[in-house]
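Everything on this sheet refers to the single structure shown next.
This is a predicted model, so every value here is computed, not measured. Counting from 1, the numbers follow the sequence of the chain as shown. In listed order, ligands and their atoms are each counted from 1.
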Amino acid sequence: MPRVLSGIQPSGDLHLGNYLGAIRSWVANQDTDDCFYAIVDLHALTLDIEPGDLRSRTAATAVSLLAAGLDPERCTLFVQSQVHEHTEMAWLLECTATMGELGRMTQFKDKSERRASVRVGLFTYPVLQAADILLYDSELVPVGDDQRQHLELARQLAVRFNNRFGPVLVVPEATFPVVGARVMDLQHPGQKMSKSVHSPLGTISILDPPQDIERKVRRAVTDNDGEVRYDPRGKPGVSNLLELLAVSTGQAPDVVADLYEGYGPLKADTAEAVIELLRPLQRRHASLSADPGLVAGVLAGGAAKARQVAGETYRRAASAVGLLEPG
Ligand code: TYM
């Protein structure tokens, strides 16, 4: 069984981009692979977040992931900070990475732009992400398109580490969904849907009630030429709607485009398809929320399983670089 690892920041409220770009693949992978999924709370510390919010969002993210279809019987769902090897492994990898390669990370450049002071954690963030991946000997890492560069770095660090210290780390491969790898903001179709950008009308939460989804899709920014055509560069707003409709109904966006003459019917059907896509998830969310003890149990079990695998890989890596066995 191929080993899979992926991670998500604890925003609490997942959006449609997270769901279509990553979580749907996570759910599907459970059938065929040995899956580890991390709620990466340490990564969330790189930006300002209130301690109480971090705690509650970590739990809320776990509930959303279970509602989306993660099954603790078939995957290991855990919280990053409960497995201390993540930070230890990150140090070994920080001593492998260079300032130059981290400085080239576009997410770092975007997030540090126009800030008077930039935290070191924001700079080394991708190294912690590489540690997340490499600790689990993961072969496959299902992610959205925005993680491409971070995944390439994780591969490079693994190769460099192995060249220096011997064949210790598995070199992972990123996987992306064919459609939905980059869901765009409905109001600003030139930028990806994101929880860190304040765009309430442009972002669909997986927990949005049907009337909100309908309103957001109806008001989605398109263009003036009125032609329904799949052309992500030339017509990003219309193409984003086509992708949402296509992925929600299991078709190809260019095939879906041929079925429509105007934006009105396209928007109406897209809203309907997204509402139907999310309906079962929202129903499960309502029943899971009624049982707060369940999530704590799932996360405790997940951390115990994750520690076993991560502990073994870390000891292998630590020994390879010449650190002594724990006394
Ligand atoms: P995060 O928390 O921003 O997003 C979680 C997953 O959702 C995908 N995603 C999208 N996919 C399509 N369209 C969008 N608009 C969109 N927005 C987000 C992301 O690509 C991601 O797969 N650095 C990572 C978290 C992380 C991680 C890891 C991922 C930490 N360690 C190890 C994989 C492996 C992040 O911030 O994702």
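- Taking each of Ile39, Asn18, Leu14 in turn, the one with a heavy atom nearest to atom 9 (N) of ligand 1 proves to be Asn18.
- When hydrogens are left out, the protein atom nearest atom 37 (O) of ligand 1 is Gln147 NE2, 3.8 Å; that is the closest non-hydrogen contact.
- Here the shortest heavy-atom pairing between Gln149 and Gln107 reads OE1-N, 4.5 Å.
- Using modelled atom types, one finds a donor on one side chain and an acceptor on the other under 3.5 Å when comparing Asp185 with Ser199.
- At distances below 3.5 Å, not a single donor-acceptor pair connects side-chain atoms of Lys216 with backbone N or O atoms of Gln211.
- When hydrogens are left out, the protein atom nearest atom 20 (O) of ligand 1 is Asp146 OD1, 2.4 Å; that is the closest non-hydrogen contact.
- Judged by distance alone, with hydrogens and angles left aside, the side-chain atoms of Asn18 form no donor-acceptor pair with the main-chain N or O of Leu14 at under 3.5 Å.
- Close contacts between ligand 1 and Met193 involve ligand atoms 14 (C), 15 (N), 17 (N) [criterion: under 4.0 Å to a heavy atom].
- Taking every non-hydrogen atom of Gly144 and a distance limit under 4.0 Å, the qualifying atoms of ligand 1 come out as 11 (N), 19 (C), 20 (O), 22 (O).
- The shortest N or O to N or O distance between Gln129 and ligand 1 is below 3.5 Å.
- For Ile8, the heavy-atom gap to ligand 1 drops under 4.0 angstrom.
- Interface atoms of ligand 1 facing Val141, defined by a heavy-atom separation under 4.0 Å, are 33 (C), 34 (C).
- Taking the six-membered ring wherever Trp is involved, the centroid distance between the rings of Phe108 and Tyr125 does not fall below 6.0 Å.
- A ring-ring contact (aromatic ring centres under 6.0 Å, His included) with Tyr37 is found for one member of Tyr136, Trp26, Phe78 and no other, namely Trp26.
- Note: an N/O pair closer than 3.5 Å links Tyr125 and ligand 1 by distance alone.
- With hydrogens and angles left out, the side-chain atoms of Gln9 and His43 include no donor and acceptor closer than 3.5 Å.
- The proximity of Arg182 to ligand 1, defined as any non-hydrogen pair under 4.0 Å, is limited to the backbone.
- Between the side chain of Arg316 and the backbone N or O of Glu312 there is no donor-acceptor pair closer than 3.5 Å.
- When non-hydrogen atoms are compared, ligand 1 lies under 4.0 Å from the backbone of Ala181 (N, CA, C, O) but not from its side chain.
- What sits closest to atom 2 (O) of ligand 1 on the protein, heavy atoms only, is Gln9 N, 2.8 Å.
- One N or O on the side chain of Ser6 and one on the backbone of Pro142 form a donor-acceptor pair closer than 3.5 Å.
- Every atom of ligand 1 with a heavy atom of Val143 under 4.0 Å away is listed here by number and element: 22 (O), 33 (C).
- The one candidate from Thr61, Leu299, Val295, Asp71 that meets the side-chain contact (heavy atoms from CB on, under 4.5 Å) condition with Leu77 is Leu299.
- Neither side chain, Asp231 nor Ser239, offers a donor N or O lying under 3.5 Å from an acceptor on the other.
- Considering backbone and side-chain atoms alike, Gly17 places an N or O below 3.5 Å from some N or O of ligand 1.
- Remark: distances from the non-hydrogen atoms of His15 to ligand 1 include one below 4.0 Å.
- At least one heavy atom of Lys195 sits less than 4.0 Å from an atom of ligand 1.
- Looking at atom 13 (N) of ligand 1, its nearest protein heavy atom turns out to be Val183 N, 2.8 Å.
- Using a 4.0 Å cut-off to heavy atoms of Ser6, the atoms of ligand 1 that qualify are 33 (C), 34 (C).
- In terms of hydrophobic clustering, with Ile, Leu, Val, Met, Phe, Trp and Tyr side chains grouped at heavy-atom distances under 4.5 Å, Val321 and Met89 are assigned to a common cluster.
- Taking any N or O of Lys192, backbone or side chain, none lies under 3.5 Å from an N or O belonging to ligand 1.
- Using a 4.0 Å cut-off to heavy atoms of Ile133, the atoms of ligand 1 that qualify are 32 (C), 34 (C).
- Between Asp223 and Lys235, the shortest heavy-atom contact is OD2-NZ, 3.1 Å.
- Of all atoms in ligand 1, listed by their number and element, those nearer than 4.0 Å to a heavy atom of Gly180 are 12 (C).
- Distance from atom 31 (N) of ligand 1 to its nearest protein heavy atom, with residue and atom name: Asp132 OD2, 2.6 Å.
- Checked by atom type and distance alone, the side chain of Asn162 pairs as donor or acceptor with a backbone atom of Leu169 at under 3.5 Å.
- For ligand 1, the atoms sitting less than 4.0 Å from at least one non-hydrogen atom of Ala22 are 6 (C), 7 (O), 22 (O), numbered in the order shown with element in parentheses.
- Nearest protein heavy-atom neighbour of atom 25 (C) of ligand 1: Gly7 O, 3.7 Å.
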